[in-house]
**Q** 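Please see the structure below; I have some questions.
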Amino acid sequence: MNSTVNYIKEWQQALQLEILHLKKYGSTKYLVSNGHLLTSDGSFNYYFETGSSVKIPVGSLVRLEWGGIKQDGRILSSEGKSIIIVFDRSLGDIISEAFLYHDPWELLEQLIIRLDEIKRSKRKRLRIKRLMDPSMPQKHPLTEKQSSVKELYSRSKFNPVTFVWGPPGTGKTYTLARTVANHYLQAKKVLVLSHSNQAVDVLMAEISSFIKKKDRFKEGDVLRYGSQIGDSLAIHHDDIVTGQLLGKHEPTLIKEKEELGEEKRLLKYDLAGSFSKRDTDQLIDIEKKLAKVLEKIRQKEIQFVKEAKVIGTTLAKAANDETVYQKEYDLVILDEASMAYVPQVAFAAALAKHIIVCGDFKQLPPIASARDSLVKLWLKEDIFHRAGVAQSVEEGELHPHLFLLKEQRRMHPDISAFTNRVVYNNFVGDHKSVATSREGIMLAEPFANRASALLDTSLAGEYCITERTSHSRMNLWQLLLSFQLIHEAYVGGSRSIGYVAPYRAQAELMEKLLDDLYEKERQTADIIAATVHRFQGSEREMMIFDTVDSYPQNRAGMLLTGRESERLINVAITRTKGKFVHVCDTSFVNKHVYRSKTLRQLVDHQIQNDQIVSKKDIGKWVNHQHSKLRWMHARKLGDFQEDIETTKHDMVIAVPDLNSLSEEWQQYLMKRNPAVKLTIISAKRNPDINSDHFICSPISFSFIIFDHRVIWLGLPVESNNRVQPPYIAARLDSKIMADELLSQFKKSE
């Protein structure tokens with residue numbers, strides 16, 4: 001068994017390797033332009049403009065790169081669409097364009113320092129030993145048939161370490177909040193931590209509400225500490241937020257800060273046009289005044305933290321702020337622990353006599369970038385696995401110090417049936433109320449009276465391509481079908497819809513399509529398209545899981561079949577309340593994915609439970625044609641002929657094999673207005689077909705674009721590979737999507 005000191009040494013090495021990787025390769029990159037030297041008296045201050053609002057904390061270390069030159073600097077000012085950076089050497093008077101890199105490695109350095117401090121404390125080392133080797137006997141009284149809150153309170157009162165396994169929808173927030181409140185009512189000091197600000201906000205709001213219901217709330221006792229606090233918490237729970245409390249108790253100080261901030265904003269606006277020395281000197285003077293005011297505010301915040309009994313903040317803030325980490329607590333609650341680095345969990349455990357480590361090791365693990373065995377061991381796997389708690393579950397039993405929340409109330413039973421059995425090994429069941437509570441969503445469109453559906457795209461064509469620059473996969477056919485599902489749900493009354501794809505290129509493509517076609521609707525509905533990581537911790541009435549992978553690819557992507565694929569698919573499914581739609585090419589999955597893989601098991605489960613919707617059923621479920629996306633039989637070409645006749649500038653036709661183009665279709669090309677330029681995309685030329693431009697590029701599916709706006713997908717039918725009746729065509733009116741599609745091909749010869 002590793003000693004605690006050895007653990008700490010390995011953690012520090014892993015963190016250092018991750019820091020070196022981030023410093024070398026970076027992760028967050030911003031394009032900055034119009035750089036001007038402002039001052040050069042000892043240090044060199046530069047003003048830059050940014051294309052969008054960039055929020056990098058003042059004082060943060062950054063790196064600027066341009067023309068092969070790299071230079072480290074520090075943020076002096078960062079608001080709106082401009083930024084001021086201070087360097088220790090001159091970079092010239094003007095920098096027209098550069099890339100700015102900002103990475104979280106400073107936070108990791110702080111964690112390394114905290115671990116050094118822990119090494120010197122025998123008491124803190126013992127706390128970490130118990131975390132990493134939870135083999136100590138249980139000390140809490142064993143009582144049958146008590147509530148989850150009472151049992152967790154009892155465990156956390158008597159045992160130094162309690163692991164809580166909280167699968168989706170099992171009441172994790174409810175249980176944790178009431179456990180914290182009960183410790184508070186016993187005059188205990190509690191620190192609430194999480195990986196994300198949102199999770200801290202949700203938990204602190206629930207704690208505050210419960211204590212108020214008990215009529216035991218005292219202002220200042222419960223404190224949400226930090227700068228990145230959600231609007232909802234600030235508005236509805238302003239009596240626990242440091243910023244709001246300051247406004248109430250120190251109004252003059254806050255007013256001075258706001259006035260200086262507005263003065264600075266106006267000066268920066270003037271500076272963008274003049275770069276005068278007077279404006280520059282005045283701005284630097286305001287920055288100095290503002291720094292003094294912020295320091296006064298900081299001292300007031302420190303006082304709030306010292307007096308608070310329950311403090312909620314992020315793991316990063318706790319490790320970086322001595323006001324938090326120098327206090328001693330009776331209990332630490334760490335939520336979303338499965339997404340935290342093991343060294344972060346150890347740091348949290350060292351802060352208190354007791355710790356509750358809560359998370360779901362069947363969801364996404366921590367994210368680290370460096371490729372090294374130590375990084376893989378300590379930064380890419382969660383504490384449940386590293387402490388041996390998850391292994392007991394794989395062996396069919398619960399670890400003595402693992403408390404399971406075992407009844408889910410989120411998903412309709414037709415959705416949870418798969419995850420309860422396959423992912424959670426029947427440890428989790430459904431609460432008796434969930435079928436009734438989700439019935440309204442299940443009965444709505446699309447696929448009324450179905451909670452789970454598999455929309456099969458087999459034999460519709462070969463639409464899965466890799467994005468030209470990122471090599472991330474995208475599938476335009478499945479994208480348009482998924483948009484149609486969103487539209488059917490919205491028209492049917494749903495205002496809470498999530499679209500999740502394993503590939504960033506596909507998720508970003510859907511975001512662009514929604515921005516273009518659904519801008520108005522999104523103002524009144526919560527409709528989000530993203531990869532799985534953005535959805536963890538949230539829920540929607542309906543979720544669409546687009547697996548993207550299809551022909552002509554010859555293997556399924558690692559995101560769907562690799563080591564972490566079960567976790568990814570689990571998160572995609574378990575975000576939903578009442579309707580889950582899986583958009584998938586089942587013929588591809590059956591050929592290229594092993595039966596032991598979660599994706600294949602999901603497809604098999606949905607087919608066995610009669611949840612499949614085939615291509616021939618499209619006429620039954622597409623009930624509301626969108627004005628800019630229409631579905632029709634690919635042999636009925638009236639609308640297509642009208643588009644040919646009304647096209648004014650250009651026409652693009654892409655076919656896998658130009659020699660397969662029938663005489664009928666060659667005639668269609670000839671019917672266009674003589675002023676319309678024709679571009680052909682194909683792997684080979686056909687000397688019998690003339691064009692204004694020819695792009696020699698392999699393409700697996702056919703499409704036509706008119707005037708860089710109207711896309712016809714599925715035409716010409718005979719030029720498409722792997723297509724069987726019924727033949728379906730889609731007509732999309734979207735300049736953004738036309739540009740995106742054309743950008744995947746090299747310019748004409």
**Q** For the side chain of Gln724 and the backbone of Ala460, is there at least one donor-acceptor N/O pair under 3.5 Å apart?
**A**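 Between the backbone of Ala460 and the side chain of Gln724 there is no qualifying donor-acceptor contact (under 3.5 Å).
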
**Q** Determine, using ring centers only, whether His401 and Phe163 are less than 6.0 Å apart.
**A**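 Ring-ring flag for Phe163/His401: false, centres at least 6.0 Å apart.
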
**Q** Any non-hydrogen side-chain atom of Leu459 less than 4.5 Å from a side-chain atom of Tyr551?
**A**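 Contact flag for Leu459/Tyr551 side chains = no.
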
**Q** Cut-off 3.5 Å, side chains only: do Asp456 and Thr586 have a donor facing an acceptor?
**A**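 Checked: Asp456/Thr586 side chains pair up, N/O donor to acceptor below 3.5 Å.
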
**Q** Start with the C-alpha gap between Lys172 and Glu336, add the side-chain angles, then the distance that decides, and say whether salt bridge (Lys or Arg N to Asp or Glu O under 4.0 Å) holds.
**A** CA-CA 10 Å; Lys172 174 173 63 74; Glu336 289 189 336; 5.9 Å; no

**Q** With no hydrogens and no angle check, do the side chains of Ser470 and Glu467 hold a donor and an acceptor under 3.5 Å apart?
**A**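 Result is yes, a qualifying pair exists.
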
**Q** Checking Gln408 against Asp430: is there a side-chain donor and acceptor pair closer than 3.5 Å?
**A**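 Checked: Asp430/Gln408 side chains pair up, N/O donor to acceptor below 3.5 Å.
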
**Q** Taking NZ, NE, NH1 and NH2 as the nitrogens, is one of them in Arg495 or Asp526 under 4.0 Å from a carboxylate oxygen of the other?
**A**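 Judged by the 4.0 Å cut-off on N to carboxylate O distance, Arg495 and Asp526 do not form a salt bridge.
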
**Q** Regarding His431 and Ser433, is there a side-chain donor-to-acceptor distance under 3.5 Å anywhere?
**A**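 His431 vs Ser433: donor-acceptor pair found between side chains.
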
**Q** When you check the side-chain N and O atoms of Glu519 and Gln523, is any donor under 3.5 Å from an acceptor?
**A**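 The answer is no; no qualifying pair exists.
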
**Q** Hey, is Arg600 close enough to Asp604 for a salt bridge, meaning N to O under 4.0 Å?
**A**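 Looking at Arg600 and Asp604, the cut-off is met.
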
**Q** State, to 0.1 Å, how close Leu455 and Val581 come at their nearest heavy-atom pair, and which atoms those are.
**A**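 Looking at all heavy atoms of both residues, the closest pair is CB-CG1, 4.4 Å.
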
**Q** Any side-chain donor-acceptor pair under 3.5 Å between Ser458 and Asp585?
**A**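 The answer is yes; a qualifying pair exists.
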
**Q** Is the shortest distance from a Lys or Arg side-chain nitrogen in Lys512 or Asp515 to a carboxylate oxygen in the other one below 4.0 Å?
**A**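 Asp515 and Lys512: not salt-bridged.
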
**Q** Salt-bridge test for Arg575 and Glu541: reply yes if a basic N is under 4.0 Å from a carboxylate O, no otherwise.
**A**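 Looking at Glu541 together with Arg575, the answer is no, because their closest N to O distance does not fall below 4.0 Å.
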
**Q** Just checking, any donor-acceptor pair under 3.5 angstrom between side chains of Thr170 and Glu407?
**A**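 There is no such pair between these side chains.
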
**Q** Tell me whether the count of non-hydrogen atoms from other residues, nucleotides or ligands lying under 6.0 Å of CG in Asp610 goes above 12.
**A**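 No, CG of Asp610 has 12 or fewer neighbouring heavy atoms, counting only those of other groups under 6.0 Å.
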
**Q** Please determine which of Phe427, Trp165, Tyr424 meets the ring-ring contact (aromatic ring centres under 6.0 Å, His included) test together with Phe361.
**A**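 That would be Trp165; it is the only one of Phe427, Trp165, Tyr424 passing the ring-ring contact (aromatic ring centres under 6.0 Å, His included) with Phe361.
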
**Q** Can you confirm whether or not the ring centre of Phe447 sits under 6.0 Å from the ring centre of Trp621?
**A**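 Between Phe447 and Trp621, the centre distance is under 6.0 Å.
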
**Q** Are Tyr518 and Tyr490 an aromatic pair, judged by ring center distance below 6.0 Å?
**A**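 When the ring centroids of Tyr490 and Tyr518 are compared, they turn out to be within the sub-6.0 Å range.
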
**Q** Looking at Arg504, I want to see if its CZ is surrounded by more than 12 non-hydrogen atoms of other residues, nucleotides or ligands under 6.0 Å.
**A**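 No - once you tally the heavy atoms of other residues, nucleotides and ligands closer than 6.0 Å, there are 12 at most.
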
**Q** Looking only at heavy atoms, which two atoms of Val310 and Val192 are closest? And how far apart?
**A**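 Scanning both residues, the minimum pair turns out to be CG1-CG2, 4.2 Å.
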
**Q** Will you find, in the side chains of Trp631 and Gln625, an N or O donor that is under 3.5 Å from an N or O acceptor?
**A**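 No - no donor-acceptor pair under 3.5 Å links their side chains.
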
**Q** May I ask you to check whether His626 and Phe483 place their ring centres under 6.0 Å from each other?
**A**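 Centroid separation for Phe483 and His626: below 6.0 Å.
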
**Q** When you check the gap from the basic side-chain N to the acidic O, do Lys362 and Glu564 get nearer than 4.0 Å?
**A**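 Between Glu564 and Lys362 there is no salt bridge, as every charged N stays at least 4.0 Å from the carboxylate O atoms.
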
**Q** With rounding to the nearest 0.5 angstrom, report the NE2 to CG distance, His487 to Asn623.
**A**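 Answer rounded to 0.5 Å: 10.0 Å.
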
**Q** Check the side chains of Gln478 and Thr457 for a donor-acceptor pair under 3.5 angstrom, ignoring hydrogens and angles.
**A**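 Yes, a side-chain donor-acceptor pair sits under 3.5 Å.
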
**Q** Establish, from distance only, whether the side-chain atoms of Asp549 and Tyr503 form a donor-acceptor pair under 3.5 Å.
**A**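 A pair is found: one side chain offers a donor N or O, the other an acceptor, under 3.5 Å apart.
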
**Q** Indicate whether any N or O donor in one side chain lies under 3.5 Å from an N or O acceptor in the other, for Asp617 and Ser614.
**A**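 Note: Asp617 and Ser614 side chains meet the donor-acceptor criterion.
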
**Q** Determine whether a donor-acceptor pair (N or O, by modelled atom type, separation under 3.5 Å) exists between the side chain of Thr574 and the backbone of Asn570.
**A**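 Here the side-chain-to-backbone pair exists.
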
**Q** For His183 and Ser156, test the side chains for any donor-to-acceptor distance below 3.5 angstrom and give the result as yes or no.
**A**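 Indeed, the side chains of His183 and Ser156 share at least one donor-acceptor pair under 3.5 Å.
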
**Q** Does one side chain, of Ser550 or Glu462, offer a donor that lies under 3.5 Å from an acceptor on the other?
**A**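 Result is no, nothing qualifies.
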
**Q** Does any non-hydrogen side-chain atom of Ile486 lie less than 4.5 Å from one of Ile527?
**A**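 The answer is yes, as the side chains (C-beta and beyond) meet within the 4.5 Å cut-off.
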
**Q** Pairing donors with acceptors under 3.5 angstrom, does anything connect the side chains of Asp546 and Gln506?
**A**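 Yes, Gln506 and Asp546 have a side-chain donor paired with an acceptor closer than 3.5 Å.
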
**Q** Give, for atom NZ of Lys579 and atom CG of Leu485, the distance between the pair rounded to the nearest 0.5 Å.
**A**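 Separation between the atoms: 10.0 Å.
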
**Q** Check whether the side chains of Asp360 and Ser338 place a donor and an acceptor atom closer than 3.5 Å, and report yes or no.
**A**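 Ser338 and Asp360 do not have a side-chain donor-acceptor pair below 3.5 Å.
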
